[in-house]
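What follows is a single structure, written as structure tokens, with notes after it.
Side-chain atoms are counted along with the backbone in the values below, which use heavy atoms only and exclude waters and symmetry mates. Residue indices begin at 1 and follow the sequence shown.
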Amino acid sequence: MRSPLLNDFLPRVEGLRFQHLAVLMTVELFLLGIAFPDATELTGDVLLFMLLAPLQFFNRYVGLKLSGERPRLIALYRHIFTLVLLLWLLLQLAPMGYRANLGIHVVVYAVLTAISTLVLVRILYRIWRIETINADVLFGIIICYATVIVIGFELHAINHQLHPGAYNFLPEMKHHSQLLFLSMGSTTTLGGPITVNTTTAQLINYFQSYVSQVFLVVFVSRMIGLHTGSNEG
């Protein structure tokens, strides 16, 4: 039996639209970029677990619902992500050493990357099938572009956990902030504040630059075509 709080919360979630998710994705990018402590410190772990991780979970959940994903898959995502977060919390509280923290951080980022990619593909598919331009389409494009930035950040975060020497970090900035700036620079093809030392990191940059340019060329061209066609009609 559901609690009254849950019964009051679920209808609010059902009422969210693409414009709301676009705002939430912008907040997520802001939180990823601000200089709170890195996740290798206790304060950083607490802030990440209590603030950023729930927001990331919620954004992916809303994205799956708005994209029309099957309820069974959404429920599976909810259970998997909850399990990963609980495992992460237990390992953080247990005196198991740095290697345990390293492993769970990689798992968390990997799960986020997989779900983010699924949300991106589903929303892109929904946008591609539309026949008229509306607000959902425009905000959906914003969500997709922000999701590409987030996916790049998550891939760089995994690579950084596995290969700490892959990035030449600036000493005055937190690592996660620099990884986000690097991801944003790769997506916009403007470059970032740090350089990379490994082929894997460079491939992530190439992947983001390629996907972002294909996205802009193909989908913006399609939006222009639909707009022109609707005006001619």
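A continuous path of Ile, Leu, Val, Met, Phe, Trp and Tyr side chains, each step under 4.5 Å between heavy atoms, connects Leu112 with Leu76, placing both in one hydrophobic cluster. Tracing side-chain contacts under 4.5 Å through hydrophobic residues (I, L, V, M, F, W, Y), one reaches Phe207 starting from Val214; they form part of the same cluster. Val211 and Trp128 fall within a single hydrophobic cluster, where Ile, Leu, Val, Met, Phe, Trp and Tyr side chains are chained together by heavy-atom contacts under 4.5 Å. No chain of hydrophobic side-chain contacts below 4.5 Å, direct or via other Ile, Leu, Val, Met, Phe, Trp or Tyr residues, connects Ile142 to Val217. Hydrophobic clustering of Ile, Leu, Val, Met, Phe, Trp and Tyr side chains at less than 4.5 Å, counting indirect connections, keeps Val218 apart from Tyr125.
Tyr77 is linked by a ring pair (Phe, Tyr, Trp, His ring centres under 6.0 Å) to Phe57, Phe81, counting only residues two or more places apart in sequence or in another chain.
The minimum heavy-atom distance between Ser116 and Glu154, with the atom names listed, is OG-OE1, 3.4 Å. Considering all non-hydrogen atoms of both residues, Ser183 and Val148 come closest at OG-O, 4.4 Å. Residues Gly140 and Ile127 share a closest heavy-atom pair of C-CD1, 3.6 Å. Here the shortest heavy-atom pairing between Ser186 and Asn205 reads OG-OD1, 2.8 Å. Looking at every heavy atom in both residues, Asn197 comes nearest to Gly165 through ND2-O, 3.0 Å. Cys144 and Leu124 make their closest contact through SG-CD2, 3.6 Å (heavy atoms, listed as atom of the first residue, atom of the second, distance).
The line from CG of Leu64 to CZ of Arg122 is 8.5 Å long, rounded to the nearest 0.5 Å. Here CD1 of Ile115 is found 12.5 Å from CG of Leu120. Values are rounded to the nearest 0.5 Å. Atom CG of residue Leu162 and atom CD1 of residue Ile158 lie 7.5 Å apart, to the nearest 0.5 angstrom. Atom CZ of Arg78 is separated from atom CG of Leu73 by 11.0 Å, given to the nearest 0.5 angstrom. Taken from NE2 in His175 to CD1 in Ile194, the straight-line distance is 8.5 Å, to the nearest 0.5 Å. Between atom OG1 of residue Thr117 and atom CG of residue Leu155 there is a gap of 7.0 Å, rounded to the nearest 0.5 Å.
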Stepwise side chain to side chain contact (heavy atoms under 4.5 Å, CB included) check, Asn59 with Met25: CA-CA 7 Å; Asn59 286 351; Met25 288 294 297; 4.0 Å; yes

| task | Starting from the C-alpha separation in whole Å, work towards a yes-or-no answer on side chain to side chain contact (heavy atoms under 4.5 Å, CB included) for Ile141 and Phe215. | result | CA-CA 9 Å; Ile141 292 175; Phe215 171 77; 3.6 Å; yes

Side chain to side chain contact (heavy atoms under 4.5 Å, CB included) between Val62 and Phe58: does it pass, once the steps are laid out?
CA-CA 6 Å; Val62 174; Phe58 183 73; 3.7 Å; yes

Determine, step by step, whether Ile123 and Leu66 satisfy the side chain to side chain contact (heavy atoms under 4.5 Å, CB included) criterion, reporting the C-alpha distance in whole Å, the side-chain angles of both residues, the deciding distance to 0.1 Å, and the verdict. CA-CA 8 Å; Ile123 293 180; Leu66 292 177; 5.8 Å; no

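Judged by distance alone, with hydrogens and angles left aside, the side-chain atoms of Gln56 form no donor-acceptor pair with the main-chain N or O of Glu28 at under 3.5 Å.
Using modelled atom types and a 3.5 Å distance limit, the side chains of His156 and Tyr167 yield a donor-acceptor pair.
The closest side-chain heavy-atom distance from Asn159 to Ile204 is below 4.5 Å. Taking the side chain as every heavy atom from C-beta outward, Leu55 and Val27 approach each other to under 4.5 Å.
Taking the ring centroids of Phe169 and His160, they lie under the 6.0 Å cut-off.
If you run side chain to side chain contact (heavy atoms under 4.5 Å, CB included) between Thr187 and each of Ile151, Ile149, Val150, only Ile149 comes through.
For the pair Glu69 and Arg126, the salt-bridge criterion is not met [side-chain N within less than 4.0 Å of a carboxylate O].
The ring-ring contact (aromatic ring centres under 6.0 Å, His included) pairs that include a residue from residues 134-154 number zero, where partners must be two or more places apart or lie in different chains.
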